[in-house]
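When a ligand or atom number is given, it counts from 1 through the structure's own listing order. Values reported hereafter were calculated over all heavy atoms of this structure, with side chains retained and with hydrogens, waters and symmetry mates removed.
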Amino acid sequence: MTKAITEKKTQKSASLKNDSITIRGGKPLRGEITVRGAKNAVSKEMVAALLTNEQCVLRNVPNVEDVTVVSDMIRAVGGKVNRLADGELEIINETIHPVNKEELKSIAGKSRIPVLFAGPLLHRSQEAFIPELGGCKIGKRPVDFHLKALRQLGAEIEELEKGFHLTAQRLHGAKIRLSYPSVGATEQVLLSACLADGVTELLNAAIEPEIMDLIAVLQKMGAIISVDADRVITITGVKELHGFKHSVLPDRLEAASWACAAAATNGKIFVAGARQGDLMTFLNKFRQVGGEFEIRDDGIEFWRGKDLRAIAIETDVYPGFSTDYQQPFMILLTQAEGASVIHETVYEKRFGFVEDLNRMGANIQIYRECLGGKTCRFGQENHRHSAVIAGPTQLHGAEIEVPDLRAGFSYVVAALVAKGKSTLKHIYHIYRGYENFTNKLFALEADIEE
Ligand code: EPU
């Protein structure tokens, strides 16, 4: 694909603002796309900027809905967020004022990030509010780990009808053990403990690449954080933090999604920006199922090998196979020869999208049992969290309402593989995490229209 053609298609797709797309499947995706900064890192790094009154600059920032939501939340507490250039954000929080609960509630319904404002706001204004959170409906997603950790760090928490009111004159270090290595709770402790009095030892912490990137930001700001063996993170509190300049790590989840799209449609996609180190576990499974890839200095090219074959997958916290790889990977498995198994151990309700896939012609059964090497938290609780995918199956077009982000992208891949026309409604969910995804589809020569 020449640059000129890509640009022409990009211009054409600029008008594609409607909330539904039509996809005519059966055409391999071919070409090159670029992934920018990870949605699940940039939003937390924006929150880190609340820990200082100095200028903070983030680069490689994707144009996704979550960035807009967090920008609105920062403005709601008195901060300033300016777009300096494409992909470059400046955040300055010189003064922070008490949260306007009503305003925050209306923003919070769209995201899970507001819970992470707690620590920085307690440091800046001795008071914070955690509203009811939004985000994808893929399980109960409680905030009990967050609240327990914040209490241990010295916050007083009052439960309100819809949310929690927090106060603390000063947070102090503590020894905190998470009962599960939650990404959000780990970030909560990092963002709360680096300005607390004394040392915090966090046991059973999550160590996702996005968390390491947040730690890199905090270190640039002046924090003292060590990541030790066996999921132990030690944070030595400092008196103040400073501004930073940081380029956000590339989005491994988006890269993996396009890899699945390449192999499922029997095409070939070069994902500029994808990094081998962050994608090791995904690349192993991609190879086992029959995908091929070439790692280059500036990205990774993905395509389908000779045959796709059934495999077993168990989602897990990093360095395991991410739950966010699972949905697009499942479309790949519908095209593989034999019976594949996915055991979902991170969220209890992440197979809601399977019903529509079966309507498109897939043959997927969901089970309550743990169909995997390990018994997980969900086995005894009757959650339908294991899937058996019989393949290969011929998918056919359908009308589908997108329920959430990753399921939404999976439907896109399913529709690209399917025979005939599919219409996907509510695609705004996909824009929450996939920058310019319709533009990218145009650039990859997909047959799509408004
Ligand atoms: N959990 C609790 N209590 C808590 C916190 C978590 O029981 O207080 C449970 C959750 O219900 C879930 C498990 O622990 O069963 C893991 O949740 P975690 O806290 O790790 O997830 P999160 O921080 O809410 C982030 C990503 C998710 C990603 C998960 C797991 C962001 C904004 N979200 O969520 O990303 O799936 O980590 O890696 O970073 C996505 O990108 O589509 C997405 C959902």
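- Atoms of ligand 1 lying under 4.0 Å from any heavy atom of Arg112, numbered from 1 in the order shown and given with element: 24 (O).
- Of the options Val183, Leu405, Ile113, the smallest heavy-atom separation from atom 20 (O) of ligand 1 is shown by Val183.
- The N/O atoms of Phe145, backbone and side chain alike, include one that comes under 3.5 Å of an N/O atom in ligand 1.
- By the 4.5 Å heavy-atom criterion applied to side chains, Ser192 and Leu150 are counted as neighbours.
- The side chain of Arg350, and not its backbone, has at least one atom closer than 4.0 Å to an atom of ligand 1 (non-hydrogen atoms only; side chain from C-beta on).
- Ligand 1 has a nitrogen or oxygen under 3.5 angstrom from a nitrogen or oxygen of Pro142.
- With a 4.0 Å heavy-atom cut-off, ligand 1 is reached by the side chain of Thr323 but not by its N, CA, C or O.
- Seen from the ring of Tyr180, Arg377 counts as a face-on cation partner, given the 6.0 Å and 45° thresholds.
- When only modelled atom types and interatomic distance are considered, Tyr411 and Arg406 share no side-chain donor-acceptor pair under 3.5 Å.
- Ring pair Phe321/Phe329: centre-to-centre distance below 6.0 Å.
- Only the side chain of Tyr180 comes within 4.0 Å of ligand 1, counting heavy atoms alone; its backbone N, CA, C and O stay farther away.
- Using a 4.0 Å cut-off between heavy atoms, Arg377 contacts ligand 1 through its side chain alone, with no backbone atom that close.
- Contacts between Glu187 and ligand 1, counted as non-hydrogen atom pairs separated by less than 4.0 Å, are absent for every part of the residue.
- If you look at His146 next to ligand 1, the close heavy atoms, those under 4.0 Å, come from the backbone and the side chain alike.
- In terms of the side chain to side chain donor-acceptor pair (under 3.5 Å) criterion, Gln219 has no residue partners (sequence neighbours excluded).
- Checking Glu314 against His343 by side-chain atom types alone, a donor-acceptor pair falls below 3.5 Å.
- Geometrically, ligand 1 and Arg141 share a nitrogen or oxygen pair separated by less than 3.5 Å.
- Contact record, Gly184 with Leu116: O-CD2, 3.5 Å, taken as the closest heavy-atom pair.
- One option in Tyr325, Phe378, Tyr347 has a heavy atom closer to atom 10 (C) of ligand 1 than any other, and that option is Tyr347.
- For His385 and Glu344, the side-chain atoms include no donor-acceptor pair closer than 3.5 Å.
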